[in-house]
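Just so it is clear: chains get the letters A, B, ... in the order the sequence lines come, proteins before strands, and each one is counted from 1.
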There are 2 protein chains.
Amino acid sequence: MRRTTSLDVARRAGVSQSAVSRTFTPGASVSAETRAKVLEAADALGYRPNKIARSLITQRSGIVGIVVAYLDNLYYPNVLEKLSRELQENGFHALMFFTHQSSDKMDIVLGELLEYQVDGLIIVSAGLSSDLAARCAASGIPIILFNRTLDDETLSSVSSDNVDGGEKVARFLLRCGHERIAYLAGWPGSSTDRDRRLGFTRVLSENGRGLYRDDVGHYNREEACAATRRLFAAPPFPDALFCANDHMAVAALDVLRHELGLSVPQDVAVVGYDDAPMAAWPSYALTTVTQPPDAMVPEAVRILLENIDASASRPRQVKFIGELVQRKTTRPCL
Amino acid sequence: MRRTTSLDVARRAGVSQSAVSRTFTPGASVSAETRAKVLEAADALGYRPNKIARSLITQRSGIVGIVVAYLDNLYYPNVLEKLSRELQENGFHALMFFTHQSSDKMDIVLGELLEYQVDGLIIVSAGLSSDLAARCAASGIPIILFNRTLDDETLSSVSSDNVDGGEKVARFLLRCGHERIAYLAGWPGSSTDRDRRLGFTRVLSENGRGLYRDDVGHYNREEACAATRRLFAAPPFPDALFCANDHMAVAALDVLRHELGLSVPQDVAVVGYDDAPMAAWPSYALTTVTQPPDAMVPEAVRILLENIDASASRPRQVKFIGELVQRKTTRPCL
DNA sequence: CTGAAAGCGCTTACAG
DNA sequence: CTGAAAGCGCTTACAG
């Protein structure tokens, strides 16, 4: 079954193919009469302009690639949906590319991306070697890192101020009088983990403290559960646990309460990061630091589209300040 | 900055443009020597074939549209990730289209989809009027409904047997000796809600029972919370509650335990549907019916790709049987 | 195996 | 405002 093309419409409407093209090009000059004839014929034939063909000549595909490593951290589905909808409202669409945490596969993914002639790229929740980042920047296609940053600032990014967030948690825990403070790390290579830890331990040491215990969960539920067991293997137990994200904090909470029989916050205080949806669910009521997607997503899309329009502009790093929201996994304190 | 094209590569390699095209077309005939020259030149120039241009002539975009209404039900991010990865492994990619539960926006979405010349369509978690379904079928593009079915069978679908699932839950609850059984409905227009309820109430009435109480949550957390409050507004309370999906069951659990101070399963048994990730988390340990995405996703993709290859084949409905998995929101019973 | 050429379905100067 | 024509970057018969 042949697709109906602009030529079919032109013939039926008794006009040139150019006229058809023009009536479907916003801002092109067509007389009301011609437009009406075209529209009628198009309607009768069920014609729709072929975006693919159009993109070949306009050099604009209207497609933005979104690279994601995983979706099991509840924070990300939310971000993904918002990004997609925001893109849609601006006439773009998201082409999904799933990769893995380790950046071995990123090469392949990136190659495929470029083949699709995407207009831009949003990299979410995925590690990116600086080597790869450099190649991306060199490719000339506008890229924005969401919730990740790069030390050398070769790429634009939108994230929250993770150092500040880590500091806030440390100050809060200290104020609550905690003594044996532990850290459950995320993916050690990620900027998020590094910065949250940095802010956290800096405030601790400014107050003459260090991490009482320290383990790694790689932002993964199973590993976070295992790490929690190790962290609480021998007394004296930590009396506060800062988890590098909510997804792990929830896992830790489950282990603490249901396996180890500890009470939160009486025996241990638990703090997460992200303010993912389930953090607000009463069963968890997790104290955490927000990374407001309602502000971050539109900003990320704005910057990206700006770069697509004027690809000359230089990389920009935008950081949002998160807030500590106290719920019930920590004792009330000012 | 002009993109580097096959012609650039041809010039540098000293061969024809066709030769370049051939070395990037699997199965085309090129001598080893020519191929080597081309590959070298391509590498030097950072050339990648333009899939968009290719698709214009091959009539294959390699893009499959995925239509989703929302991602806050945790079952879906999981499905989406699996669908995407499965597609990727088969050389396709997913273009996301977010719509809304109500099918008003589906028209627009569908139009955009067709403009992108997607090779196929997967509709997940979204309502589709039979009118729209007919138009889809008429468009000639292969479509598969995931987790939804259509009465008139004009479209292929992969789902679980929701009638059977509803029956299983009813039999189980009856066996456990429950007397006042309530149903928390999802989206009334959806096939999932209709079938789960159908199987559920059928077994109930076969045993001389009816629904003790009945309310609607529209598969939405807030509404499910409100519905739960209504269901438990006055004694005697229901002693069992079947929720049309896990997302609402978890909401109900939160209200029951944390607002109403009821014990689950002592005061009320709660059963969900989906076996979404959080159903297995110890804080919920929800008894539920599985809809195995590990089996359903590959099958959905298989059928779709089959239809893309031989677009003549007629619509097919595949149903998977789910299992009731007993966890801790119901009393142990055989 | 290889190259010249037509064509996929559009947009966009260029004349009129 | 309108049409004929060139061209976006490929693939693919067609000859050789």
Compare every heavy atom of Y116(A) with every heavy atom of I63(B), then report the nearest pair and how far apart it is.
->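 Heavy-atom minimum between the residues: CG1-CE2, 3.7 Å.
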Phosphate OP1/OP2 of [N]: any [X] side-chain N/O under 4.0 Å:
X      : N      : result
S16(A) : dG3(D) : yes
S6(B)  : dG9(D) : no
S31(A) : dT2(D) : yes

Tell me what [X] touches on the nucleic acid: a base, only sugar-phosphate, or nothing, going by heavy atoms under 4.0 Å.
X      : value
S29(B) : base
T34(B) : sugar-phosphate
T58(B) : sugar-phosphate

Watson-Crick or G-U wobble mate for dA15(D), both contacts under 3.5 Å |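 With both distances under 3.5 Å, dA15(D) matches dT2(C).
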Can you tell me the distance, in whole Å, between the [atom1] atom of [X] and the [atom2] atom of [N]?
X       : N       : atom1 : atom2 : result
Q17(A)  : dC8(D)  : CD    : C1'   : 14 Å
K37(B)  : dT2(C)  : NZ    : P     : 8 Å
R60(A)  : dG9(C)  : CZ    : C1'   : 20 Å
L7(A)   : dG3(D)  : CG    : P     : 13 Å
R11(B)  : dG9(D)  : CZ    : P     : 11 Å
Y116(A) : dG9(D)  : OH    : P     : 19 Å
I57(A)  : dC8(D)  : CD1   : P     : 7 Å
F24(A)  : dT11(C) : CZ    : P     : 10 Å

Closest to the [X] side chain, choosing from [options]:
X      : options                  : value
R22(B) : dT11(C), dT2(C), dG9(C)  : dT2(C)
Q59(A) : dT11(C), dA4(C), dG9(D)  : dG9(D)
V15(A) : dG3(D), dC10(D), dT11(D) : dG3(D)

Between NZ on residue K82(B) and CE on residue M296(B), distance to nearest 0.5 Å |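 Atom-to-atom, K82(B):NZ and M296(B):CE are 11.5 Å apart.
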No-hydrogen, no-angle side-chain donor-acceptor test under 3.5 Å, N147(A) and Y76(A) =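 Yes, Y76(A) and N147(A) have a side-chain donor paired with an acceptor closer than 3.5 Å.
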E89(B)/R85(B) ion pair, N-O < 4.0 Å |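 No, this pair does not count.
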Does the pair E40(A)/K37(A) count as a salt bridge with the N-to-O cut at 4.0 Å?
->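 The answer is no: the pair does not qualify as a salt bridge.
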On DNA chain C, check which nucleotide each of P49(A) and G14(B) is closest to and give me the residue with the more 5' one.
->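 By nearest-heavy-atom nucleotide position, the 5'-most residue is G14(B).
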Decide if the gap between the ring center of Y70(B) and the ring center of F98(B) is smaller than 6.0 angstrom.
->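 No, they do not, as the ring centres are separated by 6.0 Å or more.
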What about R48(B): does its side chain form a donor-acceptor pair under 3.5 Å with the base of dG9(D)?
->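 Donor-acceptor pair under 3.5 Å: no.
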Within the modelled atom types, does a donor on one side and an acceptor on the other bring the side chain of S18(B) and the base of dA4(C) under 3.5 Å apart?
->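 Yes, the side chain and the base share a sub-3.5 Å donor-acceptor pair.
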